[in-house]
Amino acid sequence: MKYRDLQIQTQREAPNNARTEGFSFLVRAGYLTRENVPTKLGEYTIDHLHDLSKDSSFLFHLSLSTIGNENQTYFPIASGNIEVAHCPSCKYTERLELARFAKTPLPQEEELPLEKVLTPDCNTIESLANFLDVPKEKTAKALMYTRVSDGKFVFVVVRGDMQLSEAKLRSQVGDVRAATAEEIVSGGAVPGYASAVGLGKEALIVADDLVPASQNLVAGANEAGWHLKNTNYGIDYSAEIVADLVQAKEGDGCVECGNPLSVLSAIQLNDIENVLFALAETHHDDKGLTVPNPAAPFDVYLMHVPGKEMDTRTKAEEIYNSLQDAGISVLFDDRDERAGVKFNDADLIGCPVRVTVGEKGLKAGMVELKPRKVKENQLVLVSEIVEKIKSIYI
Ligand SMILES: [Zn+2]
């Protein structure tokens, strides 16, 4: 491909909306617009990565620090749109809302009889725990939904110190939406003072698996202003479904090895544009991108330095053809620009090797070859350039 055909536009300055260096260099090197839309060069690169991705192991060859499980691969990055729970010890990785974790039941207690207590203005777990002077883990939190498929009232019970994962709930009962006040009342519960105690058969009761393991929890009395002390699963109510329903958080124990979990922002690498982003984030220096083979869109950045006596461009064109004939992909900077401008662009765009065709070298039958990650360049005979580049890649 020729530079001018791709209409490459590089930028000197980082875009002011750049949240990461990788994004900044993708814009500066002309792969993306500032609005995050792929340019011709970006589309060409994405197509190239699509071709590579036909080999299911291609992500392993890109030298990216990824995390994942057998189904998904993630690239951790602060600006990522997905939260992932990850165990640094055993590498267990799962989307946060579906991550399992080591749950610690409270010490076993003898079940005590129900006791109804007046709790004015205690319609949150915090206010209730404060008012009764009990820890939040000694309360039962109620969350109420309506199942989308059949309108069934779904009553969820989790321990008061836990957060429900709606993703885990959906995986148990199907799609749900928040119940309206009317649906809660017709389900037999009272908003703010709800519990599973005394609910009718029409409610589908779903409990987190920590609830049956916890005795004497404070729960709503289904009567405004009142709560029940000492509710016990199996005595005062039971559930149709008992399952893991709550969300892991930073520091919770890993379900596989018990060590503390980290929560990381990440992007998912099933999307090729995200792969390009991860490549740029991983492979750059202060001058631009340094994308390795085979991920780089071109093996070689070929350029000529306009000469005073010789037609360096025609010679570069010949080299361009012979490299391409040998199966080497080339980005030919065919502009009549100053050498410094072209060197800067070559560094920004980041092909693994730069070949420079200049008058001085040509007089000795040589061109300059410079790997992107190496400072020094070497002179190579024009007649040997194809073999030399092949030897670098193979
Ligand atoms: Zn672990």
Side-chain angles (χ1 to χ4, degrees), residues 19-20 22 53 55-108 125 135-141 143 156-173 206-215 217 233 239 241-272 274-275 277-283 295:
R19 285 183 297 172
T20 69
S53 72
D55 173 358
S56 59
S57 68
F58 97 111
L59 283 177
F60 297 103
H61 304 304
L62 304 185
S63 310
L64 301 174
S65 308
T66 58
I67 56 174
N69 53 40
E70 57 194 12
N71 300 315
Q72 288 299 341
T73 306
Y74 302 97
F75 180 75
I77 183 168
S79 62
N81 58 345
I82 295 173
E83 281 194 300
V84 174
H86 175 67
C87 173
S89 302
C90 76
K91 311 302 175 196
Y92 169 79
T93 301
E94 187 53 87
R95 280 181 91 106
L96 181 61
E97 62 267 33
L98 293 175
R100 292 172 299 130
F101 61 103
K103 292 171 154 178
T104 343
L106 302 173
Q108 289 282 310
I125 289 290
K136 281 200 284 187
E137 56 266 33
K138 295 294 290 178
T139 66
K141 184 155 64 179
L143 300 112
V156 184
V157 190
V158 302
R159 219 170 65 183
D161 60 326
M162 294 285 156
Q163 290 298 323
L164 173 71
S165 158
E166 290 190 351
K168 288 182 178 177
L169 174 65
R170 289 192 171 93
S171 75
Q172 292 294 330
V173 304
V206 186
D208 180 60
D209 50 14
L210 277 175
V211 171
S214 311
Q215 292 81 41
L217 300 181
Y233 183 91
I241 299 173
V242 175
D244 171 33
L245 296 175
V246 295
Q247 184 152 319
K249 58 184 186 309
E250 178 88 28
D252 279 340
C254 169
V255 69
E256 301 287 347
C257 74
N259 283 302
L261 288 172
S262 301
V263 175
L264 306 169
S265 296
I267 52 177
Q268 204 170 326
L269 295 186
N270 60 349
D271 171 343
I272 292 292
N274 282 346
V275 173
F277 199 68
L279 282 165
E281 203 57 38
T282 306
H283 302 291

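Whatever order the structure lists ligands and atoms in, that order sets their numbers, starting from 1.
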Next item on the list: Tell me the protein N, O or S atoms under 2.8 Å from the Zn ion (ligand 1), in chain and number order.
Entry: C87 SG, C90 SG, C254 SG, C257 SG

Check: residues 163-170 side-chain donor-acceptor pairs under 3.5 Å, at least two apart:
residue: S165; atom: OG; partner: E97; partner atom: O; Å: 2.6
residue: S165; atom: OG; partner: A167; partner atom: N; Å: 3.4
residue: S165; atom: OG; partner: K168; partner atom: N; Å: 3.1
residue: E166; atom: OE2; partner: Y145; partner atom: OH; Å: 2.5
residue: K168; atom: NZ; partner: A99; partner atom: O; Å: 2.7
residue: K168; atom: NZ; partner: D244; partner atom: OD2; Å: 2.9
residue: K168; atom: NZ; partner: V246; partner atom: O; Å: 2.6
residue: R170; atom: NE; partner: D175; partner atom: OD1; Å: 2.8
residue: R170; atom: NH2; partner: V176; partner atom: O; Å: 3.0

Next item on the list: May I ask you to decide if A85's main-chain N or O and E94's side chain share a donor-acceptor pair within less than 3.5 Å?
Entry: no

Checklist line | K91/E256 ion pair, N-O < 4.0 Å | finding: no

Check: Taking D208 for the side chain and V211 for the main chain, is one N or O donor matched with an acceptor at less than 3.5 Å?
Finding: no

Next item on the list: Look up atom CD in E137 and atom OG1 in T104, then write down how far apart they are to the nearest 0.5 Å.
Entry: 10.0 Å

Note to self: Taking the side chain as everything from C-beta on, heavy atoms only, tell me whether K249 gets closer than 4.5 Å to F101.
What the structure shows: no

